[in-house]
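No hydrogens, no waters, no symmetry mates; every other heavy atom, side chains included, goes into these values.
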Amino acid sequence: MTPTTPTTSATAPVPPAADHYDGFLAEHYTWMLGGDLGALAAAQRAQLSDWGVVPVVPGPAPAAGSLAVDLGCGPGHTSLALAESGFDLVLAVDLSQSLLDELSAHAADIPAVRPVRSDLRTALRDLVRPGSADAVVCLGDTLTHLPTRGDVAALLNDIAGALAPDGTAVLSYRDLTVPLTGTDRFLPVRSAEDRIMTCFLEYPDDYDDYTVVVHDLIHTRSAPEGAWTLHARSYRKLRLAHAWVLEQCRTAGLRVVREETGAGGGMRTVILRRAV
């Protein structure tokens, strides 16, 4: 089943992280990833192939076409990669209209990519027929942007329900359950002659081990010799323990077929199939 119109949840408020991205980070997001959406898509396509995220070969019965869903697509380099990998339809789901507009401009001549503004907490149930998705990906720490751990568990159940029997799901997220201390809390993102971005992490007592406050600090200047201007904004993200996520996957009916750990041990990638 494909969407007829972009949708958002009528009952749930927009998550604070989504507001942060749409109102603050969107104009910098492609730059902070590296700046070249085409190159990012090419690299992501190679990674998807390595993970086994490819269209399922149809059997003798008529097929409706291969479907992939990119949850939290951002500017869409993964959606573009999925289309380049051969998926007939790629639903690129995000709540940031600015980022979806950027993707639409890049995908103007790629009919397989369909940007959809929708809340991740309802997107799969609203947009995808159960058991019909050949691939569902949720990358780039998107899971930690959901408001609660209960929302994460519910989304994993939705992913299991949306996957075709031979489908593949991929999650990537940061395990921030062990607090960083001192200067380790300052995380350089990217720097250029006219822009510098750094994140600072804070672990408030009021939420115990549940969330971390992310302060995004972006310095910009309009001329090579001009003065620097600081733009700063903060939001909370979930602290998800890797063991907890794996248990929620198991409970949802997803089995782990592969795991990867990024540099420094923070970013986790999990490749999943429906449990038999």
Side-chain touch Leu171/Cys249, heavy atoms, less than 4.5 angstrom:
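Yes. Closest side-chain heavy atoms under 4.5 Å.
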**Study point:** Sidechain-backbone polar pair: Arg239 side chain, Leu176 backbone, donor-acceptor under 3.5 Å
**Key:**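 Looks like yes, one N/O pair under 3.5 Å.
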**Study point:** Side-chain touch Val53/Ser85, heavy atoms, less than 4.5 angstrom
**Key:**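 No; the side chains remain at least 4.5 Å from each other.
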### Query
CD of Glu84 to OG of Ser49: how many Å apart, nearest 0.5 Å?
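Reported to 0.5 Å precision, the distance equals 12.5 Å.
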Exercise for the section: Look up atom OG1 in Thr122 and atom CG in Asp158, then write down how far apart they are to the nearest 0.5 Å. Expected result: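 With rounding to 0.5 Å, OG1 (Thr122) is 8.5 Å from CG (Asp158).
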**Q.** Nearest non-hydrogen partners of Arg195 and Glu27, listed with the distance
**A.**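 Shortest heavy-atom separation between Arg195 and Glu27 comes out as NH1-O, 3.9 Å.
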- Query: Are Leu143 and Leu99 connected, step by step, through hydrophobic side chains (Ile, Leu, Val, Met, Phe, Trp, Tyr) whose heavy atoms are closer than 4.5 Å?
  - Reply: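 No, Leu143 and Leu99 fall in different hydrophobic clusters.
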Linking I/L/V/M/F/W/Y whenever their side-chain heavy atoms sit closer than 4.5 Å, directly or via other members, would Val178 and Met267 fall into one cluster?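 No; Met267 is not reachable from Val178 via cluster members.
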- Decide yes or no for His106 and Pro75: does some side-chain heavy atom of the first lie under 4.5 Å from some side-chain heavy atom of the second?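 No. Closest side-chain heavy atoms not under 4.5 Å.
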TODO: Please answer: with hydrophobic residues joined when any side-chain heavy atoms are less than 4.5 Å apart, are Leu82 and Val116 in the same cluster?
DONE: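 No, because Leu82 and Val116 fall into different hydrophobic clusters, even though each may have its own neighbours under 4.5 Å.
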Heavy-atom closest pair, residues Leu163 and Gly167: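 Closest heavy-atom pair between Leu163 and Gly167: CD2-C, 4.0 Å.
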Are the side chains of Gln47 and Thr78 in touch, meaning some heavy atoms are under 4.5 Å apart?
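The answer is no; the side chains never approach within 4.5 Å.
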Working to the nearest 0.5 angstrom, can you tell me the gap between Asp209 CG and Thr177 OG1?
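Reported value, rounded in 0.5 Å steps: 8.5 Å.
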### Message
Side chains of Asp151 and Thr148 only: does a donor on one sit below 3.5 Å from an acceptor on the other?
### Response
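Yes, a side-chain donor-acceptor pair sits under 3.5 Å.
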### Message
Go through it in stages, so that I can follow the logic: the residues are Asp19 and Tyr235, the test is side-chain contact (heavy atoms from CB on, under 4.5 Å), and I'd like the CA-CA distance, side-chain angles, deciding distance and then a yes or no.
### Response
CA-CA 9 Å; Asp19 179 65; Tyr235 71 106; over 6 Å; no
Rounded distance (nearest 0.5 Å) linking atom OG1 of Thr144 with atom NZ of Lys237:
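Output value for this atom pair is 4.0 Å.
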### Message
Asp205: which residues meet the salt bridge (Lys or Arg N to Asp or Glu O under 4.0 Å) condition with it, sequence neighbours left out?
### Response
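Partners of Asp205 under the salt bridge (Lys or Arg N to Asp or Glu O under 4.0 Å) test: none.
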Whether Phe200 and Phe186 hold their rings parallel, tilted or perpendicular, with breakpoints at 30° and 60° =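 The rings of Phe200 and Phe186 sit tilted, inter-plane angle from 30° to 60°.
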Mind running side-chain contact (heavy atoms from CB on, under 4.5 Å) on Val137 and Trp51 for me, showing each step along the way? CA-CA 11 Å; Val137 300; Trp51 290 334; over 6 Å; no
So Met197 and Trp31, side-chain contact (heavy atoms from CB on, under 4.5 Å) or not? Walk me through it.
CA-CA 10 Å; Met197 181 174 179; Trp31 171 83; 3.8 Å; yes
- Item | Point-to-point distance, once rounded to the nearest 0.5 Å, from CG of Leu95 to CG of Leu120 |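 Reported value, rounded in 0.5 Å steps: 7.0 Å.
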For residues Tyr203 and Val212, report the shortest heavy-atom separation together with the two atoms involved.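 The pair with the smallest heavy-atom distance is CE2-CG2, 3.7 Å.
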Looking only at atom types and distance, does a side-chain atom of Asp50 sit under 3.5 Å from a main-chain N or O of Ala46, one as donor and one as acceptor?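 No; judged by distance alone, with no hydrogens or angles, the pair does not exist.
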Q. From Leu240 CG over to Leu246 CG, what is the distance, rounded to the nearest 0.5 angstrom?
A.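 Going from the CG atom of Leu240 to the CG atom of Leu246 covers 11.0 Å.
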- Query: So, do Pro224 and Glu193 sit near enough that their side-chain heavy atoms are less than 4.5 Å apart?
  - Reply: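 No, every pair of side-chain atoms sits at 4.5 Å or beyond.
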Is there a donor-acceptor pair under 3.5 Å between the side chain of Thr168 and the backbone N or O of Ala135?
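It does not hold such a pair.
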Nearest heavy-atom neighbours spanning Gly74 and Asp94:
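Closest pair (atom of Gly74, atom of Asp94, distance): N-OD2, 2.8 Å.
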Heavy-atom count check: over 12 atoms from other residues, nucleotides or ligands less than 6.0 Å from Asp109 CG?
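Not more than 12 within 6.0 Å, no.
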Query raised in the report: Same cluster for Leu37 and Met32 if Ile/Leu/Val/Met/Phe/Trp/Tyr side chains link at under 4.5 Å?
Result: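 Yes; tracing contacts between hydrophobic side chains, which count when under 4.5 Å, links both residues.
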Item to complete: Measure the shortest side-chain to side-chain distance between Leu80 and Leu103 over non-hydrogen atoms and say whether it is less than 4.5 angstrom.
Response: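 Heavy-atom side-chain distance check passes, below 4.5 Å.
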Heavy-atom closest pair, residues Leu100 and Ala92: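 Between these two residues, the closest heavy atoms are CD2-O, 3.7 Å.
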Apply the test side-chain hydrogen bond (donor to acceptor under 3.5 Å, both in side chains) to residues Asp216 and His20: give CA-CA distance (whole Å), side-chain angles for both, the deciding distance (0.1 Å), then the verdict. CA-CA 10 Å; Asp216 284 327; His20 177 81; 2.7 Å; yes
Which of these, Leu71, Asp70, Val170, Thr269, sits in a side chain to side chain contact (heavy atoms under 4.5 Å, CB included) with Leu139?
->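 Answer after filtering Leu71, Asp70, Val170, Thr269: Val170.
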- Item | Joint cluster assignment, Leu201 & Leu238, ILVMFWY side-chain distance < 4.5 Å |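 Cluster IDs for Leu201 and Leu238 differ.
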State, with a plain yes or no, whether a side-chain heavy atom of Phe87 is found less than 4.5 Å away from one of Leu67.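 Side-chain contact under 4.5 Å: no.
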Of His242, His145, Arg268, the residue whose pairing with Tyr173 passes side-chain hydrogen bond (donor to acceptor under 3.5 Å, both in side chains):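 Only one option passes, and that is His242.
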Quiz item: What are the two closest non-hydrogen atoms of His231 and Thr220, and how far apart are they?
Solution: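 Where His231 meets Thr220 most closely, the heavy atoms are NE2-OG1, 2.9 Å.
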Does any part of the side chain of Val152, heavy atoms only, come nearer than 4.5 Å to the side chain of Gln248, both counted from C-beta?
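Heavy-atom side-chain distance check fails, nothing below 4.5 Å.
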Pair Val128-Val69, side-chain contact (heavy atoms from CB on, under 4.5 Å): steps then yes or no: CA-CA 9 Å; Val128 178; Val69 186; 3.9 Å; yes
Are the side chain of Asp88 and the backbone N or O of Ser66 linked by a donor-acceptor pair below 3.5 Å?
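Looks like yes, one N/O pair under 3.5 Å.
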